[in-house]
Amino acid sequence: MKAIHEYRLTSDGPRLVGKASGHGHAWRAVAGEHADFRGSAYPEGTEWRAGDRLWRVERLSHSDILRVDPQLRALLDTMRDLAERHGGDNVRLIVWFDS
């Protein structure tokens with residue numbers, strides 16, 4: 001499923017911030033107040049820029065996410081190592097989302 005992803009523009013290139021939801025005032029200023037924040041109304045590759053931010057309509061694969069998020073890759077590597085050592089049934093990841 002395609003979605004709008006937010007990037008921070010750096011001297012090393014765009015850095016993925018994450019899947020944008022609502023996108024805030026900066027995105028609405030460049031996309032328009034009534035723009036489709038889900039991204040389904042736009043062709044893949046559509047971009048908006050404001051300051052050091054870039055929003056792009058795209059589909060990201062699991063490998064795309066792991067390549068741009070070294071902390072997530074390290075977490076999943078650690079979980080894999082623990083599963084190899086203690087068995088997959090003995091390793092859990094519990095996540096709390098506070099909205």
Side-chain angles (χ1 to χ4, degrees):
M1 183 170 123
K2 67 182 178 180
I4 300 174
H5 295 92
E6 182 177 353
Y7 293 85
R8 184 170 48 86
L9 301 173
T10 70
S11 59
D12 295 328
R15 297 280 186 181
L16 181 67
V17 173
K19 185 175 176 180
S21 60
H23 313 296
H25 298 293
W27 180 74
R28 289 181 195 280
V30 295
E33 190 62 34
H34 300 289
D36 174 17
F37 68 89
R38 292 178 308 264
S40 57
Y42 309 106
E44 194 163 347
T46 301
E47 292 184 350
W48 300 267
R49 292 175 186 248
D52 69 343
R53 296 292 184 200
L54 165 74
W55 297 268
R56 181 182 301 140
V57 178
E58 61 191 350
R59 299 172 203 270
L60 295 180
S61 68
H62 292 106
S63 60
D64 291 335
I65 299 298
L66 293 175
R67 185 174 46 257
V68 298
D69 191 338
Q71 292 175 328
L72 179 59
R73 178 178 276 294
L75 171 66
L76 296 178
D77 288 346
T78 299
M79 290 185 69
R80 185 187 61 238
D81 294 344
L82 288 169
E84 289 172 358
R85 184 177 304 153
H86 302 289
D89 289 341
N90 297 313
V91 178
R92 298 285 180 270
L93 174 64
I94 300 171
V95 180
W96 180 276
F97 294 95
D98 187 17
S99 45

Hphob cluster co-occupancy, Leu16 + Leu9, side-chain heavy atoms under 4.5 angstrom: yes

Path from Ile94 to Leu75 over hydrophobic side-chain contacts below 4.5 Å: no

Other residues, nucleotides, ligands: >12 heavy atoms within 6.0 Å of Asp89 CG: no

CD on Glu6 to CZ on Arg56, rounded to 0.5 Å: 12.0 Å

Single-linkage hydrophobic cluster Phe97~Val17, side-chain heavy atoms < 4.5 angstrom: no

Shortest non-hydrogen contact between Val30 and Ala50, atoms and distance: CG1-CB, 3.8 Å

Ring centroid separation Tyr42 to Trp55 under 6.0 Å: no

Inter-residue atom distance Met79.CE - Asp81.CG, 0.5 Å rounding: 11.0 Å

side-chain hydrogen bond (donor to acceptor under 3.5 Å, both in side chains) partners for Arg8, two or more places apart: none

From Glu58 atom CD to Ile4 atom CD1, the distance as rounded to the nearest 0.5 Å: 10.0 Å

CG-NE2 distance between Leu72 and His62, expressed to the nearest 0.5 angstrom: 10.0 Å

Residues, nucleotides or ligands: over 12 heavy atoms within 6.0 Å of Gln71 CD: no

